[in-house]
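Shown next, in structure tokens, is the structure this report addresses.
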Amino acid sequence: MADRLFALFPFLGQRSASRTMNNPNSWATVSLWRRFFQMQEQRELEFEEALEELVNQAHTAETMRPIDSEYSVGLRRQATREAYRDAMQFSAVSSSATTSSSRRTEQERMARPNLEIPVGDNAALYLPQ
């Protein structure tokens with residue numbers, strides 16, 4: 001009986017030895033899966049960041065009004081400067097000259113009004129159009 005067991009022992013030992021040699025150890029398997037999950041997590045984070053950036057861009061585009069554009073702000077500043085310049089010119093001239101010149105400028109403005117309406121960046125629409 002013992003002889004039979006010893007006769008079978010080499011076959012059983014070879015099978016277990018070949019099984020451990022062909023299959024990788026658990027540490028190698030875990031490290032491969034760990035790398036896979038890290039890459040998946042990195043892809044998800046990149047996707048979330050890109051999605052968040054798109055949402056922020058869409059939100060800022062919705063909230064920006066045409067009146068806040070650089071072109072409109074520039075036109076308002078220019079109009080303010082012109083009004084200030086006109087006021088300074090009127091105050092520098094004598095009162096009699098001021099009334100006659102103010103009447104002339106008012107008549108000129110009535111004859112040729114500024115009908116420019118800002119539409120976009122460096123674009124304007126004129127009221128008669």
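These numbers were taken from a predicted model, which means no experiment stands behind them.
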Ignoring hydrogens and angles, state whether a donor on the side chain of Gln78 or Arg81 is under 3.5 Å from an acceptor on the partner side chain. no
How about CD on Gln38, more than 12 heavy atoms from neighbouring residues, nucleotides or ligands closer than 6.0 Å, or not? yes
Test log, rule side chain to side chain contact (heavy atoms under 4.5 Å, CB included), inputs Glu48 and Leu45: CA-CA 5 Å; Glu48 289 174 3; Leu45 287 174; 4.0 Å; yes
